[in-house]
Every structure is written in C-alpha cells, then in structure tokens.
Amino acid sequence: MNQLLQQERDKKDILEVTAMQLIKLLNRNIVVYEVEKASLSAPHVYYCGEEEEQESYTTEEERQACLWVMKNNRHAGATTKMFPNAKCLYLAVRVNNMVYGVIGIALGNSPMDTFEKSIVLSILGECALALENEQSIREKEEAAVMAQMSSLEQIFCVRSLMICGLH
C-alpha cells in the first residue's frame with residue numbers, strides 16, 4: 001500500500017488508490033469525499049462488482065454523516081450511534097486534527113469484524129500520511145514560485161528605475 005501511495009502525486013489519485021485497495025481487501029463499495037478548504041467535494045463512488053445506483057450512496061443523509069465526520073474527526077454512519085441509518089460507515093482520513101478526506105464503506109447487512117477495522121484504519125493512516133506529504137510538496141512548490149515571481153518583480157523594478165534614470 002505504501003509503495004502504491006508513494007507513486008501518486010495528486011490528491012485525487014492517492015484517494016483512488018486507497019479506495020481500490022479497500023475494495024480488494026473488503027469486497028465492498030467505497031465512497032470517497034475529498035476535503036478542500038473545510039468543505040466536502042462531490043462524492044466518488046467505487047464499486048466492487050457491478051455498478052449499483054450511485055444515488056443510494058449520495059443522499060443528503062449520507063452527506064450529512066460525512067460532514068459530521070469531517071467536522072468531528074470521528075466515525076459515523078452504519079453501525080454507529082451517529083447516523084445509524086446510513087448505508088456506509090464513514091471514517092476520516094486524517095493526521096492528528098487535519099482531515100484530508102472522508103471514506104465511506106458500504107456495509108449492507110454485514111458489519112466489518114475487528115481485524116478488518118484495524119486493517120482499514122491502518123490503510124487510512126497510510127493514505128493520510130501520503131496526502132500530508134502531497135500537501136507539503138505542493139505548498140513548497142507554490143512558495144518557490146512566489147519567491148521566483150518576487151525576485152523577477154524586483155529585477156523588473158530595478159531595470160525600470162535604471163531606464164527612467166537614463167532619460
């Protein structure tokens with residue numbers, strides 16, 4: 001899992017790799033929400049078999065469960081006390097208090113066992129670290145671009161002053 005995540009450089013791709021690994025492990029449908037600027041993206045549904053109607057995973061109740069997970073950094077949905085009628089169990093993809101996404105696992109009539117839960121949490125932890133690294137790299141690149149632009153602006157101003165001084 002870690003090697004697959006290290007190959008990806010984009011947030012969406014990191015979350016997709018995570019969803020595909022969860023499908024292989026659990027043989028369940030997976031719903032992925034990216035968190036961007038403290039809000040949820042549109043859901044991406046990944047199917048373990050034949051595609052079902054996406055609407056069952058993208059209802060307002062499902063979204064409310066995801067919003068609650070994003071804001072409270074805790075599990076919600078199926079098999080929990082918060083939004084127990086949801087079709088999915090929703091878990092935060094997080095490092096400490098920083099939530100990068102919310103993953104929904106369709107449970108149907110069969111809850112996950114303790115071993116599956118621990119593996120899922122481990123996978124989500126790896127995903128969160130990869131997303132944290134991606135964000136750090138992106139921020140460093142943006143800072144480098146800003147520094148280069150500032151340097152070019154200074155050069156432009158100096159040259160402008162020199163040209164104005166000649167006339």
Side-chain angles (χ1 to χ4, degrees), residues 1-140:
M1 176 72 185
N2 191 19
Q3 291 174 347
L4 290 172
L5 290 173
Q6 286 179 8
Q7 294 172 8
E8 302 302 332
R9 297 282 176 238
D10 179 65
K11 186 176 186 178
K12 184 177 179 180
D13 294 337
I14 291 168
L15 288 167
E16 184 173 337
V17 164
T18 301
M20 300 313 285
Q21 290 301 308
L22 290 171
I23 287 172
K24 287 179 186 177
L25 173 71
L26 303 170
N27 196 32
R28 299 172 189 260
N29 295 336
I30 304 295
V31 182
V32 176
Y33 288 84
E34 291 180 48
V35 173
E36 198 66 49
K37 297 178 184 172
S39 65
L40 290 175
S41 70
H44 300 279
V45 182
Y46 299 89
Y47 298 96
C48 64
E50 290 186 29
E51 288 191 16
E52 301 169 21
E53 287 192 28
Q54 184 170 339
E55 290 77 32
S56 64
Y57 298 116
T58 58
T59 64
E60 186 57 31
E61 182 178 8
E62 301 293 314
R63 186 168 183 82
Q64 289 303 314
C66 288
L67 283 167
W68 191 90
V69 168
M70 180 187 75
K71 290 177 183 172
N72 294 283
N73 204 353
R74 298 183 55 209
H75 307 348
T79 72
T80 71
K81 292 180 181 179
M82 293 303 299
F83 303 94
N85 295 326
K87 293 200 180 297
C88 296
L89 170 64
Y90 292 99
L91 306 124
V93 179
R94 64 187 175 91
V95 175
N96 299 321
N97 290 327
M98 181 64 181
V99 178
Y100 293 96
V102 176
I103 301 276
I105 302 168
L107 295 184
N109 295 326
S110 57
M112 291 188 296
D113 62 33
T114 305
F115 178 74
E116 288 174 320
K117 285 181 186 174
S118 66
I119 296 294
V120 165
L121 293 175
S122 177
I123 288 172
L124 295 182
E126 291 288 328
C127 176
L129 290 174
L131 290 169
E132 184 177 55
N133 289 337
E134 181 272 338
Q135 181 177 336
S136 177
I137 290 168
R138 188 171 18 94
E139 288 172 354
K140 286 178 185 176

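Screening residues 33-43 for salt bridge (Lys or Arg N to Asp or Glu O under 4.0 Å), with sequence neighbours left out, gives Lys11-Glu36. Residues in residues 95-121 take part in no salt bridge (Lys or Arg N to Asp or Glu O under 4.0 Å) pair, two or more places apart or across chains.
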Stepwise, does the side chain to side chain contact (heavy atoms under 4.5 Å, CB included) test hold for Leu131 with Val95? CA-CA 9 Å; Leu131 290 169; Val95 175; over 6 Å; no
Chi angles and distances behind the side chain to side chain contact (heavy atoms under 4.5 Å, CB included) call for Leu22, Arg28: CA-CA 8 Å; Leu22 290 171; Arg28 299 172 189 260; over 6 Å; no
With side chain to side chain contact (heavy atoms under 4.5 Å, CB included) as the criterion, how do Tyr90 and Met70 come out once you've worked through the C-alpha distance, each side chain's angles and the decisive distance to 0.1 Å? CA-CA 9 Å; Tyr90 292 99; Met70 180 187 75; over 6 Å; no
Go through it in stages, so that I can follow the logic: the residues are His75 and Leu121, the test is side chain to side chain contact (heavy atoms under 4.5 Å, CB included), and I'd like the CA-CA distance, side-chain angles, deciding distance and then a yes or no. CA-CA 11 Å; His75 307 348; Leu121 293 175; 4.0 Å; yes
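Here the OG-NZ distance, from Ser41 to Lys12, works out to 9.0 Å after rounding to the nearest 0.5 Å. Residue Cys48 holds its SG atom at 6.5 Å from CD1 of Ile23, rounded to the nearest 0.5 Å. Note that OH of Tyr33 and CG of Leu15 are 13.5 Å apart. Values are rounded to the nearest 0.5 Å. Note that OG1 of Thr58 is 12.0 Å distant from NE2 of His44, once rounded to the nearest 0.5 Å.
Looking at every heavy atom in both residues, Val45 comes nearest to Tyr57 through CG1-CD1, 4.0 Å. Heavy-atom minimum distance, Ala92 versus Leu124: O-CD1, 4.2 Å. The minimum heavy-atom distance between Ile14 and Ala130, with the atom names listed, is CD1-O, 3.8 Å.
Arg63 places a side-chain N or O within donor-acceptor distance of the main-chain N or O of Leu40, the cut-off being under 3.5 Å. Put simply, the side chain of Asn29 never gets that close to the backbone of Gly104: no donor and acceptor are under 3.5 Å apart.
Within the 4.5 Å cutoff, the side chain of Met112 has heavy atoms near those of the Leu107 side chain. Two residues are said to be in side-chain contact when any heavy atoms from C-beta on lie closer than 4.5 Å; Leu67 and Gln64 meet this criterion. Two residues are said to be in side-chain contact when any heavy atoms from C-beta on lie closer than 4.5 Å; Leu26 and Val120 meet this criterion. Considering only heavy atoms from C-beta on, Ile105 comes within 4.5 Å of Ile30 through its side chain.
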Ignoring hydrogens and angles, write down the donor-acceptor pairs under 3.5 Å from the side chains of residues 80-89, residues two or more places apart or on other chains.
residue	atom	partner	partner atom	Å
Thr80	OG1	Gly77	N	2.9
Thr80	OG1	Gly77	O	2.6
Thr80	OG1	Met82	N	3.4
Thr80	OG1	Met82	O	2.7

